[in-house]
Number of protein chains: 4
Amino acid sequence: MERLSRRERERLRHRREILDAALELFSERGYHNVSVRDIAQKAEFSIGTIYKFFEGKEDLYRSLMLDKAEELHAQLIEALRREGDEVEKLRRFITTKCRLFRENVKIVRLYFTETRGAGFSIKAGLDQEIRKKYDECLKLVASIFRSGMEKKIFNDLSDPYRLAVALDSVCNGFIFLWLEKPEEHPLPEDPNLILDIFFKPLLLQSS
Amino acid sequence: MERLSRRERERLRHRREILDAALELFSERGYHNVSVRDIAQKAEFSIGTIYKFFEGKEDLYRSLMLDKAEELHAQLIEALRREGDEVEKLRRFITTKCRLFRENVKIVRLYFTETRGAGFSIKAGLDQEIRKKYDECLKLVASIFRSGMEKKIFNDLSDPYRLAVALDSVCNGFIFLWLEKPEEHPLPEDPNLILDIFFKPLLLQSS
Amino acid sequence: MERLSRRERERLRHRREILDAALELFSERGYHNVSVRDIAQKAEFSIGTIYKFFEGKEDLYRSLMLDKAEELHAQLIEALRREGDEVEKLRRFITTKCRLFRENVKIVRLYFTETRGAGFSIKAGLDQEIRKKYDECLKLVASIFRSGMEKKIFNDLSDPYRLAVALDSVCNGFIFLWLEKPEEHPLPEDPNLILDIFFKPLLLQSS
Amino acid sequence: MERLSRRERERLRHRREILDAALELFSERGYHNVSVRDIAQKAEFSIGTIYKFFEGKEDLYRSLMLDKAEELHAQLIEALRREGDEVEKLRRFITTKCRLFRENVKIVRLYFTETRGAGFSIKAGLDQEIRKKYDECLKLVASIFRSGMEKKIFNDLSDPYRLAVALDSVCNGFIFLWLEKPEEHPLPEDPNLILDIFFKPLLLQSS
DNA sequence: TATGAATGAGTATTCATTCAT
DNA sequence: TATGAATGAATACTCATTCAT
């Protein structure tokens, strides 16, 4: 078991406090409309201290995004890896993804501006790292579809990776709907609401 | 038939040239990383001339987005309104959407940062106007699903609006894939590649 | 008798229209807060035409001030030169000065910013020319005091020029009062209200 | 006795240095012909530092004017309030006013452009604040005249406030004369030179 | 070690003036 | 001759970053 010195623990706590303040501000006003001074004030540190923890505004932003991205993806991947049959795993993917987004609205707003927005945002490098993690997830979902097809649980009507993208996209679509008008379009509690779109035929005369 | 004076035609051409230069730069580097000076230089006009055509940087951006959004949405809506049965209309929606995006990659990058990104970006008002148009499209697609259900062509496995969101999201998902790695993930020419995901059951033992 | 061609007369009328528009705007907003475009619009001429009449914004301003200054000083000097005894002439100076100011509030506002303000205003040259005219007036008033002293009508309690400055200053003081709060401090119709301050002793026990 | 920290004292010194540099430049070239960059260079600070001390160019100007106006008016009012009979007080008013102006030529140039110039200059609000102080002085002088009249020291030939305006105006007139040509028209050391104009009758045969 | 005063490059915007039509 | 589109230098102000204390 690793023990950090009090010094080290304090440092980490301060780092976290700065990141929390930054997230609050960035998610409210966007990267370019928040100054380092704003963050310092909100976190109740001096500007100099911010620069002790991060190389600059950009590094602070990157750290914020990567830290959270890592955390969220770790949870998502854990959910996908847990024991269970294919359908169960897909259900878990959907519920976990929805829960994570619900619990992390602020970072998600920023996250989507980055991952979905044009690649120029802030720094190309950030994008690449997050996309890599994102793709890891998608590939795990794809592998679930593939294994389901091999077990003849799923119809192989499309390439598994594309199916994964499709499933993920539908989740995202519903999440966006919820982000825009939370009361009008609540996030589905029941993953079947999403899964049925894939599992059941929409076209009746499937001749 | 309305005829514009030479003066008027020149003005419009110049306006277009400025917007084109701006689109090029904004899509490459993002709104905040492009200065009015950059745009002026790229468009080969003086800074003052830019301000003759637009009230400011923000107005220039808004004009760019709204002009294009209007154009794209007009085409999309026209495609949805043209005669045809429900399946045909959905196919047309997919092919048109994919074609429009393929032909307008640059604006689409910006478009997605705006419509899907956090609401703070640039100006809330723009967002609202574009989202309204966007929603108009979704509602038209929803009405296709609804009419299909009434005609018993489609299974009413989900709310039509949600189905529209799902279909649109899957299209977006594939478009993003293509945007990231165009060679690896070409945009499907055949709309059935997307439609089959909805039309055919993924789950085999649909007991 | 000099006759101007129609061309020439039109030119002068246009010049006057431009100067009138400029006076209106300058007196409302001040030299630096009025653009040549504003003047052109108000005068209903094109910018280019303004530059046909004046070398630039500064020249326009100078012309405006000098034209009016000449006109006003001409009237003042005429009033001082007209026949009459010393007391009559002083009365005429006061009434004429007050009337001219009342009738030309707009130019007077500008005039005072120039003549009394710091010498930097717009262009030192302007100042000099106007001050010269101004001083001409003062010297005429001084000569009235001097002649009055010689005729033993006036007590020679002070240098005539200084007396002239004093009389003029008291007029200005009352004019400023009136400019600020016209209802509260109306301009005296009766010149004796001002003259009595000089003519009668304020101190009673003039032992 | 209040002691300021070294930090605080430095700050105040820097603020004063900036104001001094600004006064120098404004009085030479006028508000609109001095840029913030000019002031920063003259004060040997960076532009950013100027904005640490003042909200903007206008605020810097206002601070400069109000600081000095307060200081000068405080001294003038103190002079008027000190013990003494009416004639003594008037003498003190004249000598103090002349001394203050002599010692503060630069600010006075600016002061007059503001208080006497057209109301549009810089910002109406400033004008109001200074005029209020100015009027306070005038009313104090008026009260001296009034009390003198009540004591039958002064002849009540005019409204006390108007007399105050007249006296002040004559002082201003002489001060302007001195500002223009200091050698030719030195500021009177002896206040009686001005007072006699009021105290003694100019008209001999006061029939 | 922590602070925040100081820096100055960078940005949006204005406007007097020119000149092709 | 009259026009007004085009020009671009100039300016107020911001903010990421540094560094002396």
Side-chain angles (χ1 to χ4, degrees), chain A residues 7 10-11 14 31-41 44-61, chain B residues 5-8 10-11 14-15 18 32-41 43-60, chain C residues 7 10-11 14 32-41 44-61, chain D residues 5-8 10-11 14-15 18 32-41 43-61:
Chain A
R7 235 348 185 333
E10 279 242 299
R11 253 194 88 77
H14 289 174
Y31 181 80
H32 282 93
N33 301 315
V34 171
S35 72
V36 177
R37 165 172 281 266
D38 291 337
I39 297 167
Q41 254 156 12
E44 293 180 288
F45 286 103
S46 73
I47 294 174
T49 304
I50 306 286
Y51 280 84
K52 283 276 184 297
F53 284 93
F54 304 96
E55 279 171 32
K57 192 186 176 187
E58 207 168 293
D59 180 50
L60 166 50
Y61 184 85
Chain B
S5 69
R6 194 183 49 69
R7 260 292 175 50
E8 208 53 39
E10 279 240 302
R11 256 193 86 77
H14 290 174
R15 194 187 123 100
I18 292 167
H32 285 286
N33 300 313
V34 171
S35 72
V36 177
R37 169 172 282 267
D38 291 337
I39 297 168
Q41 255 155 12
E44 293 179 288
F45 284 103
S46 72
I47 294 174
T49 302
I50 306 288
Y51 282 87
K52 277 276 188 301
F53 284 93
F54 305 97
E55 277 170 35
K57 192 186 174 188
E58 205 169 295
D59 180 51
L60 167 50
Chain C
R7 234 351 181 336
E10 279 241 298
R11 253 193 87 77
H14 289 175
H32 282 94
N33 301 315
V34 172
S35 71
V36 177
R37 166 171 280 266
D38 291 336
I39 297 168
Q41 254 157 12
E44 294 180 288
F45 286 103
S46 73
I47 294 175
T49 303
I50 305 286
Y51 280 85
K52 284 278 185 295
F53 284 92
F54 305 96
E55 277 170 34
K57 192 187 175 188
E58 208 169 290
D59 180 50
L60 167 49
Y61 184 85
Chain D
S5 69
R6 192 184 50 70
R7 258 292 177 49
E8 208 53 39
E10 279 240 299
R11 255 193 85 81
H14 291 175
R15 194 188 123 100
I18 292 167
H32 284 287
N33 300 314
V34 172
S35 72
V36 176
R37 167 173 282 268
D38 291 337
I39 297 167
Q41 256 156 12
E44 294 181 286
F45 284 103
S46 74
I47 294 174
T49 301
I50 307 289
Y51 283 88
K52 276 275 187 301
F53 285 93
F54 305 97
E55 276 169 36
K57 191 187 175 186
E58 205 169 295
D59 180 49
L60 167 50
Y61 184 86

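Within every chain, numbering begins at 1; the chains are lettered A, B, ... in the order of the sequence lines, protein sequences first and strands thereafter.
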- Test item: Leu60(A) and Phe53(A) side chains (from C-beta on) under 4.5 Å apart, heavy atoms: no
- Message: Need two values: the first and the last nucleotide of DNA chain F, 5' to 3', having an atom under 4.0 Å from any heavy-atom of chain C.
- Response: dA2(F) to dG4(F)
- Assign each of Lys57(D) and Arg37(C) to its nearest nucleotide of DNA chain F by heavy atoms, then name whichever residue's nucleotide is nearer the 5' end. Arg37(C)
- Message: Counting only Watson-Crick pairs (N1-N3 plus N6-O4 or O6-N4) and G-U wobbles (N1-O2, O6-N3), all under 3.5 Å, who is the partner of dA9(E)?
- Response: dT14(F)
- Base, sugar-phosphate, or nothing for Gly56(D), non-hydrogen atoms under 4.0 angstrom? sugar-phosphate
- Query: Given that Lys52(B) and Lys52(D) both sit by DNA chain F, which one's nearest nucleotide is further toward the 5' end?
  - Reply: Lys52(B)
- Is any side-chain heavy atom of Thr49(A) closer than 4.5 Å to a side-chain heavy atom of His14(A)? no
- Message: For a quick check of understanding: with a heavy-atom distance under 4.0 Å over all strands, which category does Phe53(B) fall into, base, sugar-phosphate or nothing?
- Response: sugar-phosphate
- Would a distance-only check, ignoring hydrogens and angles, find a side-chain to backbone donor-acceptor pair under 3.5 Å from Lys52(B) to Ile47(B)? no
- Nucleotide paired to dA9(F) in any strand shown, Watson-Crick or G-U, under 3.5 Å: dT14(E)
- Asn33(C) atom CG is separated from dA16(E) atom P, nearest whole Å, by 11 Å
- Item | First of Ser46(A) and Glu10(D) reached from the 5' end of DNA chain E, by closest nucleotide | Ser46(A)
- Message: Tell me whether Lys57(A) forms a cation-pi arrangement with Tyr31(A), defined as NZ or CZ under 6.0 Å from the six-membered ring centre and within 45 degrees of its axis.
- Response: yes
- Mind checking Thr49(A) for me? I need base, sugar-phosphate or nothing, with any heavy atom below 4.0 Å counting as a touch. base
- Note on the structure: Between Phe54(D) and Asp59(D), the two heavy atoms sitting closest are CA-OD2, 3.5 Å
- Query: If you round to the nearest 0.5 Å, how far is CD1 of Ile39(D) from CD1 of Ile18(D)?
  - Reply: 9.0 Å
- Message: Looking at Gln41(A), I'd like to know if its CD atom is crowded, meaning that more than 12 non-hydrogen atoms belonging to other residues, nucleotides or ligands lie closer than 6.0 Å.
- Response: yes
- Item | Spacing between Ile47(B) atom CD1 and dA12(E) atom C1', to the nearest angstrom | 9 Å
- Position toward the 5' end of DNA chain E (nearest nucleotide), Phe45(A) or Val34(C): Phe45(A)
